[in-house]
Amino acid sequence: MADGNALAEATLKVIRDRRSIREYTDEPVSDADLDLILEAARQAPSGENAQPWRFVIVRDPAARRSLGALAGGGSGRRFTSEFVTKKMQERFASLEDEAKKKAAFEKLTSGQVSAFLASAPLNIVVCGKKDVWDMPYDTSAAIENMLLMVTALGLGACWVIAPCIDIRDEERVKTLFGIPEGFKAVSIISVGHPTRPHRPRPRLDLKELVFREKWGTAYYRDEA
Amino acid sequence: MNDKQIPLSYANGLIHDLEKAFWDERGKGARFRTTSVGRDYFRERCLPRIQADDTDGILAAVREALQQDGVVGEVTYTREDRLLRVRIQGCVHRPVEDQLIAKGVEPFTCIPANLIALAIEDKLDQPVELAEIKVEGGACQLLMVVFEARPTLE
């Protein structure tokens with residue numbers, strides 16, 4: 001049992017230590033590390049064991065710049081829309097520091113929040129075969145496995161959907177990397193060595209998330 | 001060939017069902033997966049009419065195609081910096097939005113909006129985003145954002 005607990009604790013530590021890293025040093029990701037990251041992806045659960053995931057490894061600076069432009073453009077459009085409809089202001093209403101709020105709005109509406117793909121030393125384009133039942137779920141599981149392996153290796157990564165979420169942008173990504181019609185460009189995973197440690201992001205309390213037997217009945221109860 | 005026309009309510013009912021199914025699957029993300037709906041119509045019916053290389057001329061050509069095909073009635077718009085506000089009255093697809101709203105779903109797809117975006121992107125190479133669809137006073141009010149330039153890929 002002691003060994004089991006140690007493994008569980010180590011696993012939970014990796015899960016808890018994962019961050020979305022958007023700033024990297026120039027140090028490249030080694031081939032040995034990349035092999036482990038891809039092996040983690042390959043071992044993900046898959047409906048009917050279809051294994052619909054495919055990966056395009058992108059280290060070329062020009063291709064990375066193109067990805068950054070597509071990601072930044074897509075994010076910028078969507079967040080600007082959220083801003084002009086005032087929904088972004090509603091979302092940030094609880095943030096009282098006006099300077100921080102303004103900086104956040106600028107980072108989001110300009111697309112900077114996703115354009116960093118250009119400066120990541122390595123981007124992995126995750127593709128999914130369409131002719132299977134569970135492609136979105138399978139590829140998402142593969143992505144999470146990669147993120148956890150990245151964390152375990154002391155690297156940093158970010159799961160970026162920005163250049164794939166709008167079909168107009170996804171078409172450009174597919175053209176850029178020659179992805180065939182039978183596959184979807186699902187997401188980009190940037191990987192590199194983080195420039196600095198990052199604090200954890202707040203998480204909702206389990207009390208808010210879990211129900212007992214039926215929706216609405218709290219599983220975790222306040223202690224008397 | 002059977003050229004009997006199908007009832008509009010049947011077609012709109014199917015469009016609603018498809019949009020609702022898509023919403024149930026993708027939630028707010030559904031909007032971004034429908035931005036190219038209408039592209040073939042745009043290429044066949046709108047693009048050949050567009051001779052102008054300014055927003056007014058482009059919008060006039062799209063409006064003309066839609067009105068001639070009986071898709072919309074009145075289309076008016078205003079520009080304020082990068083914001084493009086379009087008011088569409090008499091759209092044959094309006095019942096789709098009504099059915100979605102009745103089920104608590106904010107309308108997220110508009111074919112005329114897609115055609116306008118495709119036209120501006122095609123002729124001016126300026127990205128366009130549909131920010132909002134509001135159904136007010138018997139008309140659809142679209143809020144669109146027209147961006148100055150597409151981020152360069154090189």
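Letters A, B, ... mirror the listed sequences (proteins, then strands); counts begin at 1. Just so we're clear, the structure is a prediction, and the values are computed from it rather than from any experiment.
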Item to check | Test: A:Asp166 and A:Arg168 ion pair at under 4.0 Å | outcome: yes
Margin query: Walk me through whether B:Asp122 and B:Arg39 qualify under salt bridge (Lys or Arg N to Asp or Glu O under 4.0 Å).
Written below: CA-CA 11 Å; B:Asp122 189 280; B:Arg39 188 184 272 166; over 6 Å; no
So A:Gln89 and A:Phe105, side chain to side chain contact (heavy atoms under 4.5 Å, CB included) or not? Walk me through it. CA-CA 9 Å; A:Gln89 292 85 330; A:Phe105 290 171; 4.1 Å; yes
Separation between CG (A:Asp134) and OG (A:Ser46), nearest 0.5 Å, reads 7.5 Å
| query | Quick one: do A:Lys87 and A:Glu90 make a salt bridge, cutoff under 4.0 Å? | reply | no
**Q.** Full working for side chain to side chain contact (heavy atoms under 4.5 Å, CB included) between A:Leu70 and A:Val173
**A.** CA-CA 8 Å; A:Leu70 283 169; A:Val173 169; 3.8 Å; yes
Heavy atoms of B:Gly57 and B:Asp54 approach each other most closely as N-OD2, 2.9 Å
If the threshold is 4.0 Å, N to carboxylate O, is there a salt bridge linking A:Asp97 and A:Lys101? no
Residues of residues 75-113 of chain B with a heavy atom under 4.5 Å from any heavy atom of chain A, in residue-number order, are B:Arg82, B:Leu83, B:Glu106
Okay, A:Glu82 and chain B: the region with an atom under 4.5 Å from a heavy atom over there is neither
| Any side-chain donor-acceptor pair under 3.5 Å between B:Asp69 and B:Tyr41? | yes
Within residues 106-129 of chain A, contacts to chain B at heavy-atom distances under 4.5 Å involve none
Subject >> Stacked cation flag A:Arg78 on B:Phe32, 6.0 angstrom / 45 deg >> reply: yes
